[in-house]
Amino acid sequence: MWRFESTHERAESHYLDQMIAKIEADPHLFRHAEALLDAMVHQEPLIAQSLKTPQDVRYHAEGPFMRDHLRLMLMFLFALSEEKIHLVDIEEFRRLKGYEGEVQELEDTIKEHVAFFQVFALCHDVAKWVTVTFSSKPGSRGEALGFNTPRLHHFDDAAHERANKRSEYLELYNTFSTREFTGTDRETQTQFYLQYGVNVHYPTHARKIDAPVFAALLTRLCHAHDISDHDRSMIGDLIVQHMECGFDFKIRRPARIRRYTHLAFKRGYDADDFIDLAQGCLLLDQVVGSRRLSAHGYWHDPRSLIHFFQSEHDFAPHRRAQKEAVREGQEKKERNRVLREVGLDGIAMMDVLGMEPGSEFGLALRRIHAAVLGQGEMPGFGKKIDAEIERRAGEFYQKMFEKGE
């Protein structure tokens, strides 16, 4: 099925890790993301604090602080919106045969809601700063320095104790990175973990978006980005659920889809839209924005999103067929509108070909349309007519592709 949402023709695929490395090497995307983060630092003290949150290298090896996490999410978001990359060109998604429509729909959803996902990125982990706790590997230097948060310090009335320990960690990391080890941020983060064995945790941080101070922040950013109150509510719910989303689809679990359809029904959202947006958040946060460290090196794990796609299908196969039928109907309607606009519809082509309605003309028109859509060879009608059809076909491609730009 031909789609004309963008000028992109399917290119050579690259693995997710390669694609993200390409994005990270793009200076324009880096400056764009950094400019947004710098603006937030000046405008919102809560975000300025949150960007300094230490990260656990086991799950967030993209850099030592939360700023690294948000920057990578934003760079990928901007790369998609600027059509520098396409999800169908990621090898792990291309191998997902039969899900091409879902992958394309996810890309379209993200492009159509860039401001929505930008605010999600900025706010989804903002409460990590106030919830940071630590544990250390037995016998490690971190354990000797007391980086084991007592259970009673996990609760709100121990905020002062958590803040003190957070400051100690940041001071220790700064000393290590300036005096003990000199390398890239990623190398330093890894070496610090190997030397000190400190794990970082953020209990209940996702649910704290509903606390008054963070809820007010989310509302301010939504208003600044012209996001409706309805969508602001969805962003809040997706932030609350964003950790559960990854856990839900560690494996293929169709029953877990019910959590999202039930929440959508209870909150008055369209269930399909809510699930599409949840998949976009999962892609940016836990697939792209969370670099893993394991014995074989650094990598990004797309399996949770793949399992989400598969679980949605298994949960209600008929709904997937309905969604595909709607997509095809919308595409056909848009194609027919543009065919009329450029003079490739039946009435216009009767004049060009000098033919009357009938089976002979119907066959010729079907062959022309098939050729325009890349589904067959263009029939010949003589040099003058062929040139006119080619001109109109060029206008058709230009108008269809403008929709993606």
Side-chain angles (χ1 to χ4, degrees), residues 44-70 122-181 185-186 188-218 236 239-248 250 285-286 289-294:
E44 295 290 351
L46 287 173
I47 291 181
Q49 286 183 331
S50 74
L51 296 183
K52 299 181 292 184
T53 304
Q55 298 206 118
D56 191 315
V57 73
R58 297 172 300 166
Y59 310 108
H60 284 286
E62 61 275 8
F65 304 108
M66 202 175 85
R67 186 181 187 117
D68 301 294
H69 174 54
L70 266 58
L122 293 169
C123 292
H124 75 292
D125 281 345
V126 70
K128 277 185 172 181
W129 175 252
V130 298
T131 62
V132 170
T133 62
F134 302 98
S135 64
S136 297
K137 294 192 290 186
S140 67
R141 293 171 70 182
E143 183 184 49
L145 292 171
F147 284 100
N148 276 312
T149 305
R151 180 67 180 170
L152 59 88
H153 286 181
H154 287 206
F155 303 101
D156 288 341
D157 57 1
H160 180 69
E161 288 82 358
R162 289 199 305 275
N164 286 340
K165 189 57 68 174
R166 182 182 63 222
S167 296
E168 289 178 26
Y169 179 96
L170 293 176
E171 183 177 350
L172 178 66
Y173 189 88
N174 181 62
T175 299
F176 178 82
S177 63
T178 56
R179 299 181 186 176
E180 295 188 41
F181 183 84
D185 287 346
R186 189 187 303 175
T188 303
Q189 181 191 21
T190 302
Q191 287 300 317
F192 179 81
Y193 181 75
L194 294 175
Q195 290 287 328
Y196 286 91
V198 180
N199 304 317
V200 190
H201 312 280
Y202 322 94
T204 73
H205 79 275
R207 295 198 294 274
K208 287 192 178 295
I209 194 63
D210 290 330
V213 65
F214 296 119
L217 169 68
L218 177 57
I239 289 174
V240 170
Q241 298 292 327
H242 80 272
M243 294 300 295
E244 294 297 329
C245 193
F247 295 139
D248 284 342
K250 277 189 172 182
D285 177 31
Q286 299 190 39
S290 301
R291 179 178 280 117
R292 311 303 172 94
L293 176 62
S294 62

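Just so we're clear, the structure is a prediction, and the values are computed from it rather than from any experiment.
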Distance-only check: which donor-acceptor pairs under 3.5 Å involve side-chain atoms of residues 47-54, not counting sequence neighbours?
| residue | atom | partner | partner atom | Å |
| --- | --- | --- | --- | --- |
| Ser50 | OG | Ile47 | O | 2.9 |
| Thr53 | OG1 | Ser50 | O | 2.6 |

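Note that the OG atom of Ser135 and the CG atom of Asn148 stand 6.0 Å from one another [nearest 0.5 Å]. Taking CD of Glu171 as the reference point, atom CG of Asn174 lies at 8.0 Å (rounded to 0.5 Å). Separating the CD atom in Gln191 from the OH atom in Tyr196 is a distance of 12.0 Å, to the nearest 0.5 Å.
Checked against a 6.0 Å centroid threshold, the rings of His124 and His69 count as neighbours.
His205 and Thr131 get closest at one heavy-atom pair: CB-OG1, 3.5 Å. Annotation for Gly142 and Ser136: closest pair C-OG, 3.4 Å, computed over non-hydrogen atoms. The two atoms that bring Ser140 and Gly197 nearest to each other are OG-O, 4.1 Å, heavy atoms only. Across Gly246 and Gln286, no two heavy atoms sit closer than the pair CA-OE1, 3.4 Å. Summarising the geometry of Ala206 relative to Ile239, their closest heavy-atom pair is CB-O, 3.5 Å, with the distance given to 0.1 Å.
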Checking side chain to side chain contact (heavy atoms under 4.5 Å, CB included) for the pair Gln55/Arg291: CA distance, chi angles, key distance, verdict? CA-CA 11 Å; Gln55 298 206 118; Arg291 179 178 280 117; over 6 Å; no

Decide side chain to side chain donor-acceptor pair (under 3.5 Å) for Asp56 and Tyr193; before the verdict, give the C-alpha distance in whole Å, the side-chain angles of both, and the deciding distance to 0.1 Å. CA-CA 8 Å; Asp56 191 315; Tyr193 181 75; 5.5 Å; no

Would His242 and Asp125 count as a side chain to side chain contact (heavy atoms under 4.5 Å, CB included) here? Give the steps. CA-CA 10 Å; His242 80 272; Asp125 281 345; 3.1 Å; yes

Output, in order, the C-alpha distance, side-chain angles, deciding distance and verdict of side chain to side chain contact (heavy atoms under 4.5 Å, CB included) for Phe65 and Asp185. CA-CA 9 Å; Phe65 304 108; Asp185 287 346; over 6 Å; no

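For Glu143 (side chain) and Gly139 (main-chain N/O), a donor-acceptor pair under 3.5 Å exists by modelled atom type. Formation of a donor-acceptor pair under 3.5 Å by the Arg166 side chain with backbone atoms of Trp129 is found in this model. Arg162 contributes a side-chain N or O that, together with a main-chain N or O of Val130, makes up a donor-acceptor pair within less than 3.5 Å. No donor-acceptor pair closer than 3.5 Å links the side chain of Thr204 to the backbone N or O of Arg207. Under a 3.5 Å cut-off, the side chain of Lys165 and the backbone N or O of Gly146 do form a donor-acceptor pair. For Ser290 (side chain) and Asp285 (main-chain N/O), a donor-acceptor pair under 3.5 Å exists by modelled atom type. A donor-acceptor contact shorter than 3.5 Å links the side chain of Gln189 to the backbone of Gly63.
Ring geometry, Phe134 versus Tyr169: the interplanar angle falls under 30°, so the pair is classed parallel (tilted spans 30 to 60°).
Contact check for Leu172 versus Phe147: side-chain heavy atoms found under the 4.5 Å cut-off. Counting only heavy atoms from C-beta outward, the side chains of Lys128 and Met66 approach each other to under 4.5 Å. Considering only heavy atoms from C-beta on, Arg141 comes within 4.5 Å of Gln195 through its side chain. With a 4.5 Å cut-off on side-chain heavy atoms, Leu293 and Arg58 do not count as touching.
Within 6.0 Å of NZ on Lys250 lie no more than 12 heavy atoms contributed by other residues, nucleotides or ligands.
For Thr188, the side chain to side chain contact (heavy atoms under 4.5 Å, CB included) partners are Tyr173, Phe176, Ser177, Phe181, not counting sequence neighbours.
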